[in-house]
Amino acid sequence: MRRNTRLPAALLAVLLTAALSTACGSDDDNGKGASSSGGSATDKVTYITGFGTFGREAYAYVAQDKGYFSDAGVSVTIQPGQGSAISLAALVGGRAQFAPVDLSSTIMQVGSGKVSGVTAVAAVHQTTDAAVMALADSGISKPADLEGKKIADPAGSVIGALFPAYAKLAGFDADKVDFVNLEPQQLGVNLAAGKVDAVGQYRVGRPNIENAVKGKDVVVLPFGKFLTESYGSAITTTTKIAEEDPDLVRRFTAALLKGMRYAIDHPEEAASVLAKKHPTVNEKAAAAEIELVGEAVRPKEDGAPIGTMDRERVAGAIKALVDAGAVKSGLTPEQLVSFDLVPKS
């Protein structure tokens, strides 16, 4: 897989991390003091969204707007995220305490030794949401059609990181695909203009791409068709926080997932909450995206709660990436997930 970058990778990471620490879109829980159920001092944490302020991120703002965080005794500053790699760096560096991070990215980062001291505590998406999207009239209808094509994807995106494993499992040569880095908001614009053949995008981001290409038919090639055991994003924190303050983890996660349940039951209202915080958000596209999120977060197992994670499935996700050559063998599910903190009911 060939990738063209505008900046050296190391410099880009430094610049993005610096930008994250001063993100102008941060919000807190209005400084509310004690928990409604206790009376103890409120815990203050920083939460980074998965990527930007798209509709898929609305649940965190809903949890804040509805007072779910303050009811749980947690004051939350929300900052727009810039991808899994940057979020992991922020967690390890202490600039954030929680973030939704693609579990496959965590597997590759931890498995390669680039990151340590992080752990997932709840699933956001029950299957990997990574995908490549193209216009229906582009001639791209199956994975092998991507050979010889140009794909735009944000720097540090998990989609680019997963692409070689996806290509191997799908049976085509990733080295015959040219990747170029673009900002998230530029993906749909460049696809519509024909400057790229396809874009990396979460499956739930389809409404934003369709909005950008003005209603043209879009083909979606989901990675989950081949990475069948993989989860998508998972709420991630540090092992230090998980071990030393499991009560905070449980309270924060419960409040966040309560926001998720409300958002997927009320997508238009959730989109409105998001747009009040970030006026540039397209409410119609955001609501459509939230509806797709609802499909992604509901567990496959009957009666299982939102956020559930299964050890055998995590082991299967690791094996798939090992078999694809994306990570060395030896990693265990317990190195990635704090199963005792995963929602059980």
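Note: hydrogens, waters and symmetry copies are ignored here, and every other heavy atom, side chains too, is used. As the structure is a computational prediction, the values presented were derived from the model and not from experiment.
- A distance-only check finds a donor-acceptor pair linking the side chain of D153 to the backbone of G160 [under 3.5 Å].
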Original post:
Taking it one step at a time, do V177 and D175 satisfy side chain to side chain contact (heavy atoms under 4.5 Å, CB included)?
Top reply: CA-CA 5 Å; V177 180; D175 289 333; over 6 Å; no

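- A salt bridge does not link K149 to D145: none of the charged nitrogens lies less than 4.0 Å from a carboxylate oxygen.
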**OP:** Evaluate the criterion ring-ring contact (aromatic ring centres under 6.0 Å, His included) for residue pair F172 and F163; output intermediate values, then yes/no.
**Re:** CA-CA 11 Å; F172 69 95; F163 192 81; 5.6 Å; yes

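- Using modelled atom types, one side-chain atom of K168 and one backbone atom of D323 make a donor-acceptor pair closer than 3.5 Å.
- With rounding to the nearest 0.5 angstrom, the CD1 atom of I140 is 7.0 Å from the CD1 atom of I151.
- Surrounding CG of D217 are at most 12 heavy atoms belonging to other residues, nucleotides or ligands under 6.0 Å away.
- Distance alone, capped at 3.5 Å, is enough to place a donor-acceptor pair between the Y231 side chain and the D310 backbone.
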**OP:** Starting from the C-alpha separation in whole Å, work towards a yes-or-no answer on side chain to side chain contact (heavy atoms under 4.5 Å, CB included) for T238 and Q97.
**Re:** CA-CA 7 Å; T238 64; Q97 287 69 51; over 6 Å; no

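- For the residue pair A317 and I107, the shortest heavy atom distance occurs at CB-CD1, 4.0 Å.
- The aromatic rings of F54 and F51 sit tilted, their planes meeting at an angle between 30° and 60°.
- In summary, R203 and D129 engage in a salt bridge, as defined by a charged side-chain N under 4.0 Å from a carboxylate O.
- When hydrophobic clusters are built by joining Ile, Leu, Val, Met, Phe, Trp and Tyr residues whose side-chain heavy atoms come closer than 4.5 Å, directly or via intermediates, M133 is not grouped with V189.
- Within the 4.5 Å cutoff, side-chain heavy atoms of P154 are placed close to those of L187.
- Two residues are said to be in side-chain contact when any heavy atoms from C-beta on lie closer than 4.5 Å; D247 and V249 fail this criterion.
- Side-chain contact check for V322 versus S329: some heavy-atom pair is nearer than 4.5 Å.
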**OP:** Take V314 and F339, measure what side chain to side chain contact (heavy atoms under 4.5 Å, CB included) needs, and give me the verdict at the end.
**Re:** CA-CA 11 Å; V314 175; F339 291 101; 4.1 Å; yes

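- Between F252 and F98, the ring planes are parallel. Angles under 30° get that label, and only those over 60° would be called perpendicular.
- For the pair L162/L321, a side-chain contact is recorded, criterion being any heavy-atom separation below 4.5 Å from C-beta on.
- Scanning both residues, L274 and A286, for their nearest heavy atoms gives CD2-CB, 4.5 Å.
- Within the cation-pi definition used here (under 6.0 Å to the ring centroid, within 45° of the axis), K277 does not qualify as a partner of Y61.
- Heavy-atom contacts from other residues, nucleotides or ligands closer than 6.0 Å to NZ of K214 number 12 or fewer.
- At a threshold of 4.5 Å between non-hydrogen side-chain atoms, the residues E334 and R311 count as touching.
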**OP:** Output, in order, the C-alpha distance, side-chain angles, deciding distance and verdict of side chain to side chain contact (heavy atoms under 4.5 Å, CB included) for V101 and S87.
**Re:** CA-CA 7 Å; V101 178; S87 292; 4.0 Å; yes

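- The two residues R251 and D43 make their nearest non-hydrogen contact at NH2-OD2, 2.6 Å.
- Taken from OH in Y68 to CE in M260, the straight-line distance is 13.0 Å, to the nearest 0.5 Å.
- Taken from CG in D102 to OG1 in T128, the straight-line distance is 5.0 Å, to the nearest 0.5 Å.
- Under a 3.5 Å cut-off, the side chain of T119 and the backbone N or O of S338 do form a donor-acceptor pair.
- Nearest heavy-atom pair, Q126 versus A123, reported as atom, atom and distance to 0.1 Å: NE2-CB, 3.6 Å.
- Contact of the L221 side chain with the L146 side chain is registered, since non-hydrogen atoms from C-beta on lie closer than 4.5 Å.
- Salt-bridge annotation for D71 and K258: absent, with no side-chain N of the basic residue lying under 4.0 Å from a carboxylate O of the acidic one.
- At a threshold of 4.5 Å between non-hydrogen side-chain atoms, the residues I318 and P333 count as touching.
- The structure places CZ of F223 at 6.0 Å from CD1 of I159, a figure rounded to the nearest 0.5 Å.
- Between the CD atom of Q186 and the CG atom of N181 there is a distance of 13.0 Å, given to the nearest 0.5 Å.
- L248 CG to T253 OG1: the interatomic distance, rounded to the nearest 0.5 Å, is 8.5 Å.
- The backbone N or O of K225 lies less than 3.5 Å from no partner atom in the side chain of T228, so there is not a single donor-acceptor pair.
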**OP:** Test side-chain hydrogen bond (donor to acceptor under 3.5 Å, both in side chains) on Y262 and E269 and set out the steps.
**Re:** CA-CA 9 Å; Y262 191 93; E269 182 182 348; 2.7 Å; yes

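- When all heavy atoms are compared, the tightest approach of A275 to V281 is CA-CB, 4.2 Å.
- Annotation: side chain of H125 is in contact with side chain of V297 (closest heavy-atom distance under 4.5 Å).
- Between the Q64 side chain and the F69 main chain, no donor and acceptor come within less than 3.5 Å of each other.
- By the neighbour-count criterion of 12 heavy atoms within 6.0 Å, atom CD of Q185 is densely surrounded, having more than that number from other residues, nucleotides or ligands.
- Smallest separation of non-hydrogen atoms from A134 and S138: CB-OG, 3.7 Å.
- If you run side chain to side chain donor-acceptor pair (under 3.5 Å) between E289 and each of K284, R206, R56, only R56 comes through.
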